[in-house]
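Okay, structure first, notes after.
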Amino acid sequence: MKTNKQNPDFLCIGVKLLKWFSVHGRDLPFRKTDDPYKIWICEIIFQQTRIQQGLNHYHRFINRFPDVQTLAEASSDEVLLHWKGLGYYSRALNIHKASHQIMENFGGVFPQEYDDILSLKGVGKYTAAAVHSICFGGHLPAVDGNFYRVLSRIFADDYDISTTGAFSHFSSLALLMMPLGKAGEFNQAMMDLGSEICRPRNPYCEICPLNADCTAFQLKKVHEFPKKLKKIKPTELQLQYAFVQHGDHFLIRRRNESSIWKKLYEFPTEIDEKYKTYELDSTEIKHKLTHRNLTVIIRHFIIKSQEEFENLAEEGGFHIVDYEQSAAKSFPKPLENYLKIRFEK
DNA sequence: AACGCGGGGCT
DNA sequence: AGCCCAGCGTT
């Protein structure tokens, strides 16, 4: 465990940050608790997710799964349902697996050691440091996108944040200014400063508590940091679906565990050609994801005969649901929108 | 080291 | 249209 690596000049910056945080820190629900379970859940939910976007999901999740035991006893279906709309669905599956790890390996008590926390599915170096420092007094920086941005600007540091070494590079810088015994507050203070003041674009440098210490600001080069060379380039993906309708009922199946929308529900990808006379029309939906440009083509079939509808479901191994039920299923966004158009126009 | 993985907000 | 967000697991 790294300790006491402070540098007096830099430590002064950390103290200023803590002072700013004590006055201007955000009033967030998970700041009111020291329950490691809740802190863990909130850290997972807010990976790559803005606070505003995930806040309702956090409340619903904690309300339904208030502790590790409740979560471990729930079905993965229900956990996924509570993740609906958040994205990065493997997080939900990992949380569920981790709850079983806690039950089996740690007797149902959330582990206190850094290495044990890190051993949980879905918990990486960032999350382990965050939970360990906030709940158990650990002295490690929780280096996330905010750390990259704030630290690269303060030190006018052009280390490429898209490389593997960025985490340890900025960890070392953070350790220089992290006051002993205050890591939990320091980590949250960095997040708030990064989100409220030292924003990616149009930062409020004029009111930043650290602007006198910020090299990039002094050089008027804040916009040059952080440096990031690797760009994500979306690839094209086309999906074909059969929306098979009988009254307000239709067919669904489960996606597999590969590719996008892991284990969410979807329409059948194809049906036997003998039903093609029932095809009414076809809809094309364009949908942009971070890593994919999707083209979703949905052929609409209407089956009049109940018997034929049930046979079709039987043959393909599909589930029959109605629209009201479907609202309770975890559908990917484009399919959910398609349903709304079909049933609520 | 590189890649896959969502959805939403902002400029 | 592009960028970023309380990152992690897999290959």
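In what follows, every chain begins at residue 1, and chains take the letters A, B, ... in the order their sequences are listed.
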Worksheet item: Which of parallel (below 30°), tilted (30 to 60°) and perpendicular (above 60°) describes A/His291 and A/Tyr88?
Response: tilted
Between CD of A/Glu236 and C1' of B/dG4 the distance, given in whole Å, is 16 Å
- What integer number of Å spans the P atoms of B/dG6 and C/dT10? 15 Å
With a 4.0 Å cut-off on heavy atoms, is A/Ser259 in touch with a base, just the backbone sugar-phosphate, or nothing at all? sugar-phosphate
Checklist entry - A/Gly85 near the nucleic acid: base, sugar-phosphate alone, or nothing, with a heavy-atom cut-off under 4.0 Å? => result sugar-phosphate
Quick note, A/Lys333 side chain, CB onward, closest among B/dC5, B/dG7, B/dA1 is B/dG7
Rounded to whole Å, NZ of A/Lys263 lies from C1' of B/dG6 at a distance of 18 Å
Using 4.0 Å as the upper bound for N to carboxylate O, is an ion pair formed by A/Asp27 and A/Lys32? yes
Whether each nucleotide of nucleotides 3-11 of chain C has a protein heavy atom under 4.0 Å at its base (B), only at its sugar-phosphate (S) or at neither (-) is summarised, 5' to 3', as BBBBBSSS-
Establish, with yes or no, whether the OP1 or OP2 oxygen of B/dG4 is under 4.0 angstrom from a side-chain nitrogen or oxygen of A/Arg292. no
Give me the distance, rounded to whole Å, that separates B/dC3 from C/dA6 when you measure between the C1' atoms they each carry. 22 Å
Does B/dG7 have its OP1 or OP2 closer than 4.0 Å to a side-chain nitrogen or oxygen of A/Trp261? yes
Point to revise | C1'-based separation of C/dC4 from B/dC5 [nearest Å] | key: 16 Å
(request) Assert yes or no for the condition that the ring centre distance of A/Tyr278 to A/Phe309 is strictly below 6.0 Å. (result) no
To the nearest angstrom, the CG-P distance between A/Leu335 and B/dG7 comes to 10 Å
| said: Counting only heavy atoms not in A/Gln238 (residues, nucleotides, ligands), do more than 12 fall under 6.0 Å from its CD? | reply: yes
Hydrogens and angles aside, do A/Asp67 and A/Thr70 bring a side-chain donor and acceptor to less than 3.5 Å of each other?
yes
* To do: Verify whether one side chain among A/His287 and A/Asn337 offers a donor that lies under 3.5 Å from an acceptor in the other.
  => no
Would A/Arg149 and A/Asn146 count as having a side-chain donor-acceptor pair, cut-off 3.5 Å? yes
Between CZ of A/Arg199 and C1' of B/dT11 the distance, given in whole Å, is 11 Å
- Task: Could you tell me whether A/Leu86 contacts a base, only the sugar-phosphate backbone, or nothing, with contacts defined as non-hydrogen atoms closer than 4.0 Å?
- Result: base
